[in-house]
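One structure is given below, encoded as C-alpha cells.
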Amino acid sequence: MTASVFFGCTFIAFGPAIALFLFTIARDPLRVIFLIAGAFFWLCSLLLSSLVWFITVQISNKESSSQQKGLLIFGVVLSVLLQETFRFGYYKLLKKANEGLLMLSAEETMPISIRQLAYVSGLGFGFMSGAFSMINILADSVGPGTIGIHGDSQHFFLSSAFMTMAIVLLHMFWGVVFFDSCEKQHWWSLAVVVISHLLVSCLTFQNPQYVGSLVPTYIIVFLVGLWAFFCAGGSLRNLKLCLTCKDKDFLLANHRPR
Amino acid sequence: MGLESSKWAIIFLVCWLYKNVSCNSVEQKIYVELNNTVPCVRLLNATHQIGCQSSISGDTGVIHVLESEADLEWPLSKGPNPPYMVLLESSLFTRSIMMKMKNESNRVAGVAVVVPNTSPPEFSPHTTCPNENTGVYSDNYGPNLAHCNTTVWNPLGNGLSYEEFDFPVFSLKEDNETEFIKQCYLDHNRAVNGSAPQYPLCAMQLFSHMHAVTNTPTCMRRNDINFSINPEMVCDPLGDYNVWGSIRPYNDTVLGHKENESVVIAAARLDSRAFFWEVSTGAEGSISGFVTLLAAAQALREVTHKAPPTRNILFAFFQGVSSFCLPKQVSLETFDYIGSSRMVYDMENGKFVIDLDNVHSILEIGQVAVHSGTNLFLHSDPVSRSNDTVNDEVENFVKNLQSSTAGLSFLLVEPNVSQPLPPSSLQRFLRAQPIPGIVLADHESAFNNRYYESFYDNAANLNLTYPSDLSPEEQLEFVTETAKSLTDVATVVARALYKQAGGDDSQVNTIKADPKIVTQMLYGFLVSSNNSWFQAVMAPELKNILKPSPPEYYVGVVMSSTPTRLVQYLLANLTGAATNLTQSQCQKPDELPNESRQMYSYLWVQGIVPPNSTQRDSFCVRASVRLTKAVSPAFELGEYASKDYSTWTESRWKFIKARIFLVASRDLEMLTLGVGVAVLFTSLLVTYFISTKADVLFSSTREPASAAY
C-alpha cells in the first residue's frame with residue numbers, strides 16, 4: 001500500500017523476533033551460529049517439500065481445482081512433517097556436535113546448554129519460516145495499491161503479518177518443547193508438537209476468513225508458550241517472584257556455586 | 001560413472017524446473033495492467049516543448065468518469081480525494097475541458113481518453129493554421145496572406161496537439177479493459193447522495209516519464225554530455241527517408257546541377273499524425289494523395305517507354321517519420337516540412353542528383369478524397385505568379401491539367417479568390433526559388449477533412465466500404481467506389497504530367513490508371529497491410545513488417561518506417577522492370593555488363609505464389625527508385641535553434657505503462673504503522689524484562705551437579 005503499511009507489517013511480523021534476537025542472541029557468537037544453522041535446516045526441509053509438491057503438481061491434472069486443492073493440503077501436511085523431521089535431525093546433530101565440542105574445548109563445562117540450543121534453533125526455524133511467509137507480501141505492500149480489485153479481502157497484509165508473528169513465536173516454543181521431550185524421551189509430547197503444528201497450518205485453509213484462522217492460532221500460541229515456559233524451567237512461583245520484584249532476595253538465598 | 005550421471009540428472013532437473021516455474025503472486029491480486037493504451041509523448045522544437053509528462057514513479061489518481069463539462073467541478077474543486085484521474089469519452093475531449101484541467105493540474109493526476117469505434121462529427125487536434133511559421137508566407141513574402149489572414153485552412157482545429165500538459169494523457173480503446181475500469185469506478189467511487197465515497201477507492205497509475213525538457217537546443221546539448229561509458233540520450237531528432245523515383249534514371253554519384261536537364265516534379269506526402277501515437281492513418285490527409293501519385297506513376301510507365309517525353313518526371317514522396325522507440329506515428333511534413341525542406345536543402349547545396357535550376361515545375365497532390373462528380377481544385381501561389389514568366393508557366397500547367405479531364409466525370413477548377421497555397425511541400429520549394437507549382441486538392445478554401453491529423457481520419461472517412469460477405473482476398477480485389485474515383489484522379493495527373501513533360505500529344509489518351517492497383521493499395525494501406533499483393537512486392541527480409549492491420553509507423557533496425565518501405569517497393573514494382581537476375585546477381589549487379597548500381601536500384605522481391613506450388617516466384621526488380629535521408633537540415637548544420645528549418649525532436653523514455661488498483665485510506669495505513677510500532681516496542685520491553693530476569697524465571701530445574709544436560 002505504501003511505506004507505512006510496509007513498515008507496520010514488518011514490525012508486526014518480525015517485532016518479537018527482532019527483540020529476541022537483539023537481547024538474547026546477538027551478543028553471543030555461538031548462539032548466532034546455531035541460529036543460522038537452524039534457519040538453514042528449515043530451509044532444507046522447505047526445499048525438499050517444495051520439490052515433492054512441484055513434481056506432483058506437474059504430474060497432476062492442472063485443470064481440476066479439487067485435485068489442486070487436494071494437492072495443496074497434501075503439500076502442507078508433507079511440509080509440516082518434513083519440518084519436524086528436520087528439527088529432529090538438527091537435534092541429533094547438535095547432540096553429536098556438543099560431545100565433539102566438549103572434547104575439543106579446554107573448559108570442563110559445555111559452552112552452551114541444550115536448553116539454550118533448543119531455544120536458539122527454534123528461533124532460527126521461526127526466522128526463516130517468517131521470512132518465507134512474509135517477504136514477498138512485504139515487497140508488494142510497498143506499492144500504492146491494496147488488495148481488493150478482484151473482490152478479495154482488504155485485510156490481507158495485516159492478517160499475514162499477525163499470522164507470521166504467531167508462526168515465529170510458535171516455532172520458538174516448539175523448539176524448546178521438542179528438544180526437552182527428546183531429552184526426556186517423552187515421545188507423546190513430541191507427537192503433540194507435531195499435531196499442533198499440523199493444526200495451525202491447516203487452520204490457514206480457513207483464509208480469507210481471517211478471524212477463523214487467527215483467533216485459534218493465537219490461542220494455540222498462548223497454550224504452547226505456557227508449556228514451553230514450564231519445560232524451560234519456569235514455574236508460577238518464579239513468575240510471581242519476578243513480577244513482585246522479590247527476585248534479588250531469592251537469588252541471594254539460593255545462591256549456588258557454579 | 002554413477003556420480004557423473006547423477007550430476008547430469010540434477011542439472012537437467014534444475015533446468016526443467018526453472019523453465020516450468022510460474023508465480024501466482026500477490027501482485028496479480030492487487031494490480032490490473034492495462035495493455036491497450038497509447039500515451040501522448042513529449043516533443044520539442046527550438047523554443048517550446050509540447051505533449052505530456054508524468055512523474056518518474058508514475059502519477060496515481062482516484063478514477064473519476066466525467067459525464068459532462070459541468071461534472072468537471074468534482075475533480076477540480078468539490079471532490080474530497082484529490083488528485084483525480086479523469087476518464088473521458090472522446091466527445092468530451094475538447095479544448096475547453098483540457099484547458100480547465102491544465103489550469104488545475106495539482107488536482108488532476110492524469111487523463112485517460114476512451115476512443116470509440118465510431119467517429120464523432122468532427123475532431124482535429126491540429127492548429128487552425130497548420131505550419132504557419134515554416135511555410136513560404138511571412139512578413140517578407142505575401143504578408144497579407146501569412147498566418148491565415150485570408151483563408152483559415154483548418155477551422156475545426158483545436159490545437160490540442162501543440163499544447164503542453166504536465167500530467168500524462170493516455171488513450172484507451174473501447175474494449176473489455178475499459179469496461180472493467182468503468183465497473184470498478186461504479187463499484188467503489190460513486191458518491192452516494194452527495195456524501196464522499198468510502199475507501200477503498202479505485203485508482204489508476206500512469207507511467208510516461210519523458211527525459212527531455214525545455215527545448216531542442218537544451219536536449220541536444222544534454223545528449224552530448226559524456227559522463228559514462230553508456231551515455232544517456234534524452235531526445236532524438238525526427239527523421240526518416242524520402243522516396244523518389246524518375247522516368248529516366250539518374251546516376252546516383254553525379255550530384256548537383258545538370259546541364260540542359262529540365263524536370264517536372266510530382267510530389268505527395270506520406271505521413272500523418274494524431275494527438276496520440278496510434279493507428280492514425282491520415283486516410284484523407286495523406287493516403288489519398290500518395291496512392292494517386294503511385295497509380296499515376298504506374299500509368300506513365302508504358303507510354304514513357306514507347307514515346308519518352310522531353311523532360312524527365314520525378315516522383316517524390318516526402319515522408320513523415322516516427323521516432324526510434326515505440327510504434328508511433330509522426331508526421332514530418334506536419335512537423336514543419338522536414339522531408340521537403342531536406343530535399344530543398346540538398347538541392348540548394350548540390351547534394352541531390354538535380355538542383356533547383358533543373359526543376360521546371362511542380363505538381364503536388366494534396367488531400368484528394370474525391371467523390372464522383374465533385375470537382376477538384378488547383379491551388380497556386382499568387383505572390384510568385386506576380387512574375388510574368390512564372391505566371392505563364394502556371395497557366396500553361398493549368399491548361400494541361402484541365403484538358404486532361406476530358407471524358408471524366410469531374411473538372412479541375414482554380415479557386416476564384418486570390419488565396420495563398422494551402423499547407424504543402426511546394427511552399428518549401430517556393431521559399432528557395434520561385435518555381436511554377438500547383439497543388440491539387442479537394443477543397444476550395446478550408447479543408448473538407450473534418451478529422452485533419454486525428455485518429456479518426458481512417459477508412460471510414462474516405463467512405464471505403466466493402467460488401468460484407470467477402471473474404472480478405474476478395475476484399476483486396478474488389479474495386480470500391482473510392483478506388484474508382486481515385487483512379488480517375490490518377491489518370492488526370494498522369495496525363496497532365498506527360499503533357500507538361502513535353503510528351504507526344506497523340507499518346508495522351510492511351511494513358512489510363514489501373515483501378516485494380518488503386519483498390520489494392522487502398523486496401524493495403526487502410527485495412528490490412530498483410531495481404532497477398534503487398535507480400536508479393538516486398539523483400540523477403542521485410543515481410544514481417546506487414547501486419548493484419550493498417551501499417552504502423554514502426555522504426556526497426558533499418559531506421560525507416562513501414563510506409564516508407566512499402567512506398568519504395570511499390571514504386572519500384574510499378575515503375576521498374578522485372579529482370580532475369582538471380583538473387584546473388586541482384587545483390588551485385590555491377591558484375592554484369594548492362595547493369596549498374598549507380599543508375600538503378602536492384603531489389604529482390606518475393607513475388608506471387610503460383611497456383612500449384614508453395615514456393616514463391618521471387619525475382620529481381622530494377623527501378624530508378626531511391627531513398628534519401630529526411631532529417632531536418634537544422635541537425636546537419638547543428639543549428640538547433642534555427643528559425644528556417646524544422647527543429648522538432650522527440651523525447652526518449654524508459655517505459656510506458658498503466659495499471660489500476662484499489663487504494664486504502666490514509667487512516668488505515670497509519671493505523672497499521674501504529675500497531676506495528678506498538679508491537680515492536682512491547683516486544684522489546686517484554687524481552688528485556690525476561691532476559692534480565694532469566695536466571696530467576698528459568699531456574700527451577702537447575703541441578704547443582706551439572707550445569708546443563
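Letters A, B, ... are given to chains in the order of the sequence lines, protein chains preceding strands, and every chain is numbered from 1.
Closest approach of B:Ser691 to A:Thr24, counting heavy atoms only: CB-CG2, 3.9 Å. Closest of all the heavy-atom pairs between B:Lys29 and A:Asp152 is CD-OD2, 3.4 Å. Scanning both residues, A:Gly145 and B:Phe661, for their nearest heavy atoms gives CA-CD1, 3.3 Å.
B:Tyr31 OH: more than 12 foreign heavy atoms inside a 6.0 Å radius. Within a 6.0 Å sphere centred on CZ of A:Phe222, other residues, nucleotides and ligands contribute 12 heavy atoms or fewer. For B:Asn176, the CG atom is loosely surrounded, since the number of other residues' heavy atoms within 6.0 Å does not exceed 12. Atom CZ of B:Phe681 has 12 or fewer neighbouring heavy atoms from other residues, nucleotides or ligands inside a 6.0 Å radius. The environment of A:Gln68 atom CD is dense: over 12 non-hydrogen atoms of other residues, nucleotides or ligands sit within 6.0 angstrom. The local environment of CZ in B:Phe689 is crowded, with over 12 non-hydrogen atoms from other residues, nucleotides or ligands closer than 6.0 Å.
For chain A, the option among B:Val686, B:Leu671, B:Val663 with the highest count of heavy-atom pairs below 4.5 Å is B:Val663. Of the listed residues (B:Gly676, B:Ala203, B:Gly674), the greatest number of heavy-atom pairs within a distance under 4.5 Å of chain A belongs to B:Gly676. Of all the listed residues (B:Ser57, B:Gly58, B:Pro200), the one sharing the greatest number of non-hydrogen pairs under 4.5 Å with chain A is B:Pro200.
Contact annotation for residues 9-19 of chain A against chain B (heavy-atom separation below 4.5 Å, listed by residue number): A:Cys9, A:Phe11, A:Ile12, A:Gly15, A:Pro16, A:Ala19.
Residues forming a disulfide bond (SG atoms under 2.5 Å apart) with B:Cys184 (at least two apart in sequence, or on another chain): B:Cys202.
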B:Leu684/A:Leu22 under side-chain contact (heavy atoms from CB on, under 4.5 Å): CA gap, chis, key distance, verdict: CA-CA 9 Å; B:Leu684 282 169; A:Leu22 272 177; 4.3 Å; yes

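Of the candidates A:Asn136, A:Leu138, A:Ile137, A:Ile137 is the only one forming a side-chain contact (heavy atoms from CB on, under 4.5 Å) with B:Val26.
Contact check for B:Glu669 versus A:Thr146: no side-chain heavy atoms found under the 4.5 Å cut-off. A 4.5 Å side-chain heavy-atom check between B:Val32 and A:His150 finds at least one atom pair inside the cut-off. Proximity of A:Ile149 to B:Ile30: side-chain heavy atoms (C-beta onward) are nowhere separated by under 4.5 Å.
Only the side chain of A:Phe162 has a heavy atom closer than 4.5 Å to any heavy atom of chain B. Contacts of B:Val675 with chain A are made by both backbone and side-chain atoms, with heavy-atom separations under 4.5 Å. Of the two parts of A:Leu239, the backbone and the side chain both hold a non-hydrogen atom closer than 4.5 Å to a non-hydrogen atom of chain B.
Taking CD1 from A:Ile147 and CD from B:Gln28, the interatomic distance works out to 11.0 Å, rounded to the nearest 0.5 Å. Rounding to the nearest 0.5 Å gives a distance of 8.5 Å between CG of B:Leu673 and CZ of A:Phe7. Once rounded to the nearest 0.5 Å, the distance linking CE of B:Met670 with OG1 of A:Thr2 reads 6.5 Å.
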